[in-house]
Amino acid sequence: MLFCRLLPTVFLLLSASVLTPCASAAMPEGAETSQTPSADHASDQPPGTQVEAAKAAGHVDSGAFLTAVVATHKGDDLDAARAFRAAAAADPTNQDLLKQAFIRSVLAGDPEAVPLARLTAKRPAGQSIISSLVLGNDAVTRGNWTEASRYYQQAGADPMAHLIMPLLQAWCEQAENHADEAIASLTHIQGSVLVPFYTLHAALIAQTAGQTARAGDLFAQAAKMMPGYDLLLTRSQAAWFWSSGQQDKARLLIRNMIQADPVLALAGAQLQATISHAPVTSAQAGIARAYVLTAFLLRQQGHQQGQQQGQSGHPGPSDHQFDEASRLMLGFALGLDPHLAEARLMLAEIQDAEGHQTAARETLLRIPQTDPLYPVAAFRLALLDGSTEHLDEAQSILTRLTKETAGQALVVRALGNTLSARKDWKGAIAAYNQAVTQAKASKTLDWSLLFLRAVAYHEAGDWPHAKADLQEALKMAPDEPLLLNFLGYSMVERKENLGEAQALLRKAADLDPQDAAIRDSLGWVQVELGDLAGGTALLERAAEQTPEDPEVNYHLGEAYWRAGRKSEAVDQWNVALGLHPEPTDEALIRAALARAATADITRATPQRAPQAESGPAQSRGKQTP
């Protein structure tokens, strides 16, 4: 995104150590040695190790410190804040514990952040951008705009705060009935990457101040500079059109936005129903939106920097550091507007990405059902529940959303995925049928939806329909290894046109030569065609990559058996049986072992299931990844 390319990273570099809890937090200055975990790496240490190191070096409440470390790892900022405060109370001279208590309180939106900000500001070198913004925000909530402006000015020396500062100061001016000065301060800025957003906030200030004509002009200017549809701009301009008697334009603006964004389309009815409501009606709400903007830009910058680092190989701030800084900004926003849906949706996305699904769920549940974006939050909650095996909850939410959104394809498709995860293949097929019908009507059908329905048909035992969907999908994506592998392997399972199946699988292997599932499928078809040497070599490599896949081990055992390596085959099948195969695979494995028993073949050596390799589980040849 153009607006993000020039954003400085100084703020992130300065705040990285502040946002990382560490064992050395409990240590007095000068106590750290080469054996002491650093701020960057202490979170990798087991909590018990961190506590012991802390106890040895300072008078810390080990129970509180352990609770703080564990809560931080779980993403529970509120518990972490409380525990760090307890640990700091036990060692009042420890600056790092106080700092961690303060930061976690800010991230949690805990009111205790304010007295902690005052306390840290009184310490030597304790004044920081974060404490200044916290105290400025507190002044905003108390309506003391002069004091808020003063604290914001103190934070303005930081490069990141320098970008947001015009917005914070302008809203302070608006709150003191100086809307003209506020608008002028924003519209006179030239050359900044944030000019479109400054213009938008100038329009919001004019709208809040009742300067209707001026607001309309500024909204139009911002719309020309914004790429695509910005949610805040679109909703605000639509409300302006409505209040100006241009209802058709307002409806069209919202309609165009939701047509461009399938997720926002879930809230289409609610957005249209609240079209006359301006999203920002006060200076406090305007400042909250400024923080959301900053969080969004930081996340975009993090994604871009990650891509650049991958290309250049040079180290820099991590995605985690950018996300932590974004969470800090969102904490400020929610401190000013606790029900701000856009902030909660972004925060939940970050929490989910960091592996804190419970925290993400709690964040989404706090979006009220009366909010226009509630359907989006409910959809995200369903996806979160589905990814964490809470399938009952996911199905319940999606079934309700299907009715409330008139069965929009995105929701129906997600429902199909959830039913597939529950192995309700009949229900999944019905859902996918509805999604395919809608996608064809809107000319948005893609190969992945056909693939999902093909998997459901396959598992339901309806091979003709599954094959038809796979062939149709391959017309759309002829070089998609996933499709080539699934179709080719399914044909091998049925000993159907093995030559054609081999060609499909060879193409898949050429496109993705490192995929273990494809290697297994290709090895298996070569064994079925009589190429035992070539097939066995491929299956052995697949088994090395995925030692805990019962299907691959069964295939390798079968290859050994056909090559006359009977005892090795029995060993491999026993390994496969110990890996908890699916019922269909278990039946094949037990049949193979019964065949070996009839032939009076015993195991060569006692075998145990191999240890799992680190990393994500590999998908099997016939399974959906």
Side-chain angles (χ1 to χ4, degrees), residues 7-22 24-29 38-40 42 68 72 77 80-81 84-85 87-88 91-142 144 147-169 172 287-288 290-291 294-295 297-298 301 317-318 320-336:
L7 286 180
T9 58
V10 176
F11 170 75
L12 295 164
L13 294 170
L14 291 175
S15 63
S17 62
V18 174
L19 294 169
T20 305
C22 54
S24 60
M27 299 182 182
E29 186 176 355
S38 69
D40 291 334
T72 300
D77 291 316
F84 272 124
R85 289 201 298 269
D91 185 7
T93 63
N94 192 307
Q95 297 297 306
D96 289 330
L97 282 177
L98 181 63
K99 183 196 307 180
Q100 290 297 336
F102 171 51
I103 293 300
R104 293 297 149 184
S105 296
V106 174
L107 289 171
D110 190 340
E112 286 299 314
V114 176
L116 286 171
R118 293 197 177 98
L119 183 59
T120 56
K122 293 177 182 178
R123 301 293 177 89
Q127 186 73 34
S128 67
I129 172 182
I130 300 174
S131 61
S132 296
L133 291 175
V134 167
L135 294 174
N137 295 342
D138 176 61
V140 167
T141 61
R142 291 185 284 106
N144 191 331
E147 182 181 336
S149 178
R150 177 167 55 81
Y151 279 121
Y152 290 151
Q153 286 174 351
Q154 292 176 2
D158 184 274
M160 190 68 228
H162 182 72
L163 291 175
I164 193 177
M165 198 52 54
L167 298 176
L168 303 182
Q169 294 291 3
C172 286
I287 291 176
Y291 284 127
T294 309
L297 294 175
L298 282 167
Q301 178 73 357
S318 66
H320 176 70
Q321 288 172 308
F322 278 101
D323 282 345
E324 287 285 82
S326 297
R327 287 211 298 132
L328 195 65
M329 296 297 115
L330 294 172
F332 290 152
L334 290 170
L336 295 168

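Residue numbers start at 1 and run along the sequence shown.
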Checklist outcome for this item: In terms of heavy-atom contacts, Phe102 and Ala117 come closest through CE1-CB, 3.5 Å
Checklist entry - Of all heavy-atom pairs between Ser132 and Ala155, which one has the smallest distance, and what is that distance? => result CB-CB, 3.7 Å
Checklist entry - Does the Ser326 side chain pair with the main chain of Ala295, one donor and one acceptor, at a distance under 3.5 Å? => result yes
Next on the checklist: Could you tell me if Asn144 and Tyr151 have a donor-acceptor pair between their side chains, going purely by distance under 3.5 Å?
Outcome noted: no
Checklist entry - Looking at Ala113 and Val134, what are the two nearest heavy atoms and their distance? => result O-CG1, 3.9 Å
Next on the checklist: So which atom in Leu168 and which in Ala290 form the shortest heavy-atom distance, rounded to 0.1 Å?
Outcome noted: CD2-CB, 4.4 Å
Next on the checklist: As an exercise, state the distance from CD of Gln321 to CG of Leu298, rounded to the nearest 0.5 Å.
Outcome noted: 12.0 Å
Next on the checklist: Please determine whether side-chain contact (heavy atoms from CB on, under 4.5 Å) holds for the pair Arg85 and Leu98, giving the CA-CA distance in whole Å, both sets of side-chain angles, and the decisive distance to 0.1 Å.
Outcome noted: CA-CA 7 Å; Arg85 289 201 298 269; Leu98 181 63; over 6 Å; no
Item to check | Derivation and outcome, side-chain contact (heavy atoms from CB on, under 4.5 Å), residues Thr294 and Phe332 | outcome: CA-CA 11 Å; Thr294 309; Phe332 290 152; over 6 Å; no
Checklist entry - From Leu336 CG over to Ile287 CD1, what is the distance, rounded to the nearest 0.5 angstrom? => result 6.5 Å
Checklist entry - Are the side chain of Gln301 and the backbone N or O of Phe322 linked by a donor-acceptor pair below 3.5 Å? => result no
Item to check | Heavy-atom pair with the smallest gap, counting every atom of Ala148 and Cys172 | outcome: CB-SG, 4.1 Å
Next on the checklist: As a quick check of understanding, evaluate side-chain contact (heavy atoms from CB on, under 4.5 Å) for Tyr291 and Leu328, giving each step before the final call.
Outcome noted: CA-CA 9 Å; Tyr291 284 127; Leu328 195 65; over 6 Å; no
Checklist outcome for this item: Value for CG (Asp96) from CG (Asp91), rounded to nearest 0.5 Å, stands at 10.0 Å
Item to check | From CA spacing to verdict: salt bridge (charged side-chain N to carboxylate O under 4.0 Å, His left out), Arg104, Asp110 | outcome: CA-CA 8 Å; Arg104 293 297 149 184; Asp110 190 340; over 6 Å; no
Checklist outcome for this item: The reported gap from CE in Met329 to CG in Leu107 (rounded to nearest 0.5 angstrom) is 9.5 Å
Item to check | Pairing residues for Ala88 by the side chain to side chain contact (heavy atoms under 4.5 Å, CB included) criterion, not counting sequence neighbours | outcome: Leu97
Item to check | Steps toward side-chain contact (heavy atoms from CB on, under 4.5 Å) verdict (Phe84, Ile103) | outcome: CA-CA 10 Å; Phe84 272 124; Ile103 293 300; over 6 Å; no
Checklist entry - Are Glu147 and Val140 close enough that some pair of their side-chain heavy atoms sits under 4.5 Å apart? => result no
Next on the checklist: How long is the straight-line distance from CD1 of Ile164 back to CD of Gln169, given to the nearest 0.5 Å?
Outcome noted: 11.0 Å
Checklist entry - Can you name the residues that form a side chain to side chain contact (heavy atoms under 4.5 Å, CB included) with Arg118, not counting sequence neighbours? => result Val114, Leu135, Asp138, Arg142
Checklist entry - In Å, rounded to the nearest 0.5 Å, how long is the span from NZ of Lys99 to OG of Ser131? => result 11.5 Å
